[in-house]
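First up is the structure itself, then whatever we jot down about it.
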2 protein chains.
Amino acid sequence: MADLAKVAGVSKITISRALSDSPLVQRETRERLQALAHELGYKLNVSARNLRLRRSHTVAVIVEMKPSHDRTMLDPYPLILLGGISQELTAHGYSVLLTTRQGATAAAVQAADGLILLGQGSRQDAVRRFDKLGLPMVVWGAPGDEHIVVGSDNEQGGRVVAEHFIRLGRRNPVFVGNPNHPEIFERLNGFVAALAKHGVKPLLIRRDEFTLASGGDAMHSLMDRGVPFDAVFACSDLLAMGAIRALNTLGCTVPGDVSVVGYDDMPLAASFLPPLSSVRQDWQEGGTLLARKVLALIGDQPQQSETLPVELIVRET
Amino acid sequence: MADLAKVAGVSKITISRALSDSPLVQRETRERLQALAHELGYKLNVSARNLRLRRSHTVAVIVEMKPSHDRTMLDPYPLILLGGISQELTAHGYSVLLTTRQGATAAAVQAADGLILLGQGSRQDAVRRFDKLGLPMVVWGAPGDEHIVVGSDNEQGGRVVAEHFIRLGRRNPVFVGNPNHPEIFERLNGFVAALAKHGVKPLLIRRDEFTLASGGDAMHSLMDRGVPFDAVFACSDLLAMGAIRALNTLGCTVPGDVSVVGYDDMPLAASFLPPLSSVRQDWQEGGTLLARKVLALIGDQPQQSETLPVELIVRET
DNA sequence: GCAGCAAATGTTATCGATATCTTGATATCG
DNA sequence: CGATATCAAGATATCGATAACATTTGCTGC
């Protein structure tokens with residue numbers, strides 16, 4: 001900028017003003033300087049500006065990201081939220097600093113103007129760690145009173161599936177998933193509560209992995225134990241698909257003998273054989289909302305937690 | 001830091017040295033100052049350091065990311081590469097600045113120490129735009145001579161599928177995909193060349209979308225035209241799955257009448273019915289390599305393009 | 001006892017941009 | 001015509017860290 005100023009025969013500050021379209025500089029001068037800057041290939045030094053302005057126009061997104069081949073694809077939801085987040089932040093001139101939990105100690109995170117936590121980052125211990133940074137922060141997941149949380153309505157998710165099963169006349173439903181995970185716990189809650197209204201008590205099969213294998217395995221162990229069941233609510237589409245395959249192998253028909261509903265409505269659900277019924281969350285909207293809230297917080301506008309509705313897509317299972 | 005210095009009764013620079021574990025400061029002093037800094041909750045100002053050191057310890061990853069519900073999931077590969085990239089960069093104290101092409105004009109990108117381009121960013125016009133920034137840059141995709149490219153061996157991918165078809169005695173293979181895309185063009189090349197050695201000439205069905213619908217559609221149009229074919233090489237697993245479904249509907253059996261091979265070996269491929277044969281790329285490794293090369297370039301070590309081998313997973317289609 | 005040197009710490013300048021306060025020139029008005 | 005308002009541009013200080021150079025202190029060896 002100093003060089004530019006010398007070439008143009010003005011002072012640094014005039015250059016600064018001209019480049020930021022300040023009305024303090026005469027239009028002609030401004031345009032001349034802008035043209036000159038462009039011509040000389042001048043690049044603003046962001047670090048210097050950040051230092052001076054005491055803000056980085058950057059939001060750190062902290063993701064729980066396991067590197068294994070399946071995991072990344074099987075559990076891609078944090079990454080999908082990224083789409084909405086990135087779009088919204090970019091539109092407001094902010095950048096996304098992507099970090100895993102391990103990397104979050106890196107200095108760069110402290111430079112961020114705000115924080116978005118995705119994935120199991122919602123685990124309380126993890127969240128508190130970032131709390132200490134004192135940055136505007138929004139968390140994806142199940143609502144609690146400690147933080148500003150955006151998430152889809154997992155309780156509603158459980159409820160609509162329960163009602164669906166009741167409507168179908170199912171009396172022995174099974175829930176497959178990991179209730180230690182707060183979001184899944186909410187689904188279970190909604191499921192159990194809605195069923196209770198009809199005097200039905202579901203069976204809980206705890207599975208920690210969100211894999212096809214795990215879903216199949218759950219069905220096998222159910223059959224082995226000889227427990228009667230006529231409906232399965234799986235906490236992810238993959239669990240559901242694995243379950244259906246296993247049920248077929250075991251001689252059960254879906255949806256004849258057993259109804260199955262998955263979660264997330266991944267694109268493949270629709271073309272699974274048979275087409276899978278599933279609960280759909282609006283990730284794009286979730287991401288957008290997360291971003292919007294951090295930006296608002298950064299702008300000192302108080303925010304509240306918010307829950308997004310889900311939708312049961314009834315197909316053939 | 002100045003405050004800390006005052007409290008500790010030393011000068012700023014001593015604080016700076018102590019906190020960066022410089023041996024210029026006596027061990028006792030160093031430890032005392034570190035403890036004090038921790039106690040007072042001192043946070044390094046990254047912008048200031050970046051300014052002074054003229055580097056940001058940040059690598060910008062520019063992704064072609066479409067926001068639609070399907071797209072993100074259907075075409076998640078840029079996001080998967082992110083896993084490897086992020087892991088490797090983090091391990092070396094670097095951060096990942098995630099940007100879409102639109103957002104790449106944002107100032108923050110210029111502050112990065114290096115650039116990684118993913119997705120269709122490999123389109124020449126886009127790549128050149130970033131070239132001008134003069135930053136160390138590595139591109140994912142098909143090798144060209146202009147840039148340093150990391151990618152999987154798409155030609156080999158085409159070749160192994162061709163050989164597989166020949167081995168099965170197929171004489172009328174079809175290629176489904178968008179050859180405008182450089183990576184897919186390479187697959188086509190390898191496919192055609194390997195088939196030619198056996199006197200076989202494949203049919204090309206151009207499809208731009210990587211969706212189930214598109215795959216089905218391709219099969220329908222083939223049948224309508226009455227073209228005989230006995231093998232399909234689809235450029236993505238989704239295309240392949242769509243094709244198989246359509247073939248079944250049209251009264252063809254897979255793999256009886258028609259062999260089908262997909263690409264990417266997504267986790268679901270294995271549990272598709274019938275289990276899908278597919279070409280697998282090692283995304284994790286690809287990401288790691290991308291990151292490693294940018295880091296090397298940043299460290300002024302010259303680098304070359306590199307191609308990763310792929311593997312044909314033969315299942316039942 | 002003092003040159004000479006090493007170890008530990010301090011001083012000053014600097015990275016590149018911008019906020020605040022001035023200054024000088026022109027316009028406006030009674 | 002002089003006083004004040006208005007506008008354009010400059011001077012200086014500052015953001016928070018660190019590199020380069022400077023200084024102090026304590027010690028060795030002759």
Side-chain angles (χ1 to χ4, degrees), chain A residues 1-38 40-58 93 95 106-113 133-135, chain B residues 1-38 40-58 93 95 106-113 133-135:
Chain A
M1 208 171 245
D3 297 349
L4 255 185
K6 210 169 293 171
V7 174
V10 298
S11 71
K12 287 195 300 175
I13 188 66
T14 304
I15 299 283
S16 172
R17 286 176 181 141
L19 294 185
S20 59
D21 269 331
S22 158
L24 284 174
V25 179
Q26 221 170 7
R27 173 167 303 137
E28 298 163 31
T29 320
R30 207 190 310 164
E31 284 168 359
R32 187 183 56 126
L33 296 179
Q34 286 176 358
L36 186 69
H38 185 78
L40 299 185
Y42 165 79
K43 295 273 158 29
L44 180 81
N45 183 316
V46 184
S47 300
R49 167 200 263 165
N50 286 350
L51 172 58
R52 182 68 243 238
L53 299 181
R54 302 152 143 276
R55 58 145 177 67
S56 61
H57 268 207
T58 290
S95 306
V109 172
Q110 300 172 3
D113 295 338
L133 291 177
L135 293 173
Chain B
M1 208 171 245
D3 296 349
L4 254 185
K6 210 169 292 172
V7 175
V10 297
S11 70
K12 285 196 301 175
I13 189 67
T14 303
I15 300 282
S16 172
R17 287 178 180 138
L19 294 186
S20 59
D21 268 332
S22 158
L24 285 174
V25 178
Q26 221 172 7
R27 172 168 303 135
E28 299 163 29
T29 320
R30 208 190 310 165
E31 284 168 359
R32 185 180 58 117
L33 295 180
Q34 287 176 359
L36 185 69
H38 184 77
L40 299 185
Y42 164 79
K43 293 274 159 30
L44 181 80
N45 181 315
V46 185
S47 300
R49 167 200 260 167
N50 286 350
L51 172 59
R52 180 69 241 230
L53 299 181
R54 303 153 139 275
R55 57 145 178 66
S56 61
H57 268 206
T58 290
S95 306
V109 172
Q110 300 172 3
D113 295 338
L133 292 177
L135 292 173

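The sequence lines fix the lettering, A, B, ..., with proteins before strands; numbering per chain opens at 1. Since we're looking at a predicted model, the values are computed, not measured.
- Taken to the nearest 0.5 Å, the CG atom of A:Asn50 stands 9.0 Å off from the CG atom of B:Asn45.
- Listed pair A:Ser11 / D:dA9 fails the phosphate criterion, with no side-chain N or O lying under 4.0 Å from OP1 or OP2.
- Between the NZ atom of A:Lys6 and the P atom of D:dG10 there is a distance of 14 Å, given to the nearest Å.
- The backbone N or O of A:Val25 sits less than 3.5 Å from a side-chain atom of A:Arg30, completing a donor-acceptor pair.
- We find that CG of A:Leu33 is positioned 14 Å from P of D:dA8, with the value rounded to whole Å.
- The minimum heavy-atom distance linking B:Ala5 with B:Ser11 is given by the pair CB-C, 3.7 Å.
- Summarising the geometry, atom CE belonging to B:Met1 is positioned 14.5 Å from atom NZ belonging to B:Lys6; distances are rounded to the nearest 0.5 Å.
- When rounded to the nearest whole Å, the span between CZ of A:Arg32 and P of D:dA8 equals 14 Å.
- Residue contacts shown for A:Val46 are absent, as no nucleic acid heavy atom lies under 4.0 Å away.
- Pair assignment for C:dG30 gives D:dC1, based on Watson-Crick or G-U wobble hydrogen-bonding distances that are each under 3.5 Å.
- Applying the 6.0 Å contact sphere to NZ of B:Lys43 captures more than 12 heavy atoms from other residues, nucleotides or ligands.
- Residue B:His38 holds its NE2 atom at 14.5 Å from CG of B:Leu33, rounded to the nearest 0.5 Å.
- The closest donor-acceptor contact from the side chain of B:Gln110 to the backbone of B:Leu133 lies at 3.5 Å or more, if one exists at all.
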Please list, pair by pair, any protein nitrogen or oxygen found under 3.5 Å from a nitrogen or oxygen in nucleotides 23-27 of chain C.
none

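- Residues A:Ala112 and A:Ser56 share a closest heavy-atom pair of CA-OG, 3.6 Å.
- In this structure, the separation between CZ on A:Arg49 and CG on B:Leu51 is 13.5 Å, given to the nearest 0.5 Å.
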Atom pairs, protein N/O to nucleotides 12-16 of chain C N/O, distance under 3.5 Å:
unit_1: C:dT14; atom_1: O2; unit_2: B:Arg52; atom_2: NH1; d: 2.8
unit_1: C:dC15; atom_1: O3'; unit_2: B:Arg54; atom_2: NH2; d: 3.2
unit_1: C:dG16; atom_1: OP1; unit_2: B:Arg54; atom_2: NH2; d: 2.6
unit_1: C:dG16; atom_1: N2; unit_2: A:Ala48; atom_2: O; d: 3.3

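- How far CD of A:Gln34 is from OG of A:Ser20: 9.0 Å, rounded to the nearest 0.5 Å.
- Using a 4.0 Å cut-off on heavy atoms, the residues of residues 16-29 of chain A that approach DNA chain D are A:Arg17, A:Pro23, A:Leu24, A:Val25, A:Gln26, A:Thr29, listed by number.
- A distance of 6.0 Å separates CG in B:Leu19 from OH in B:Tyr42, rounded to the nearest 0.5 Å.
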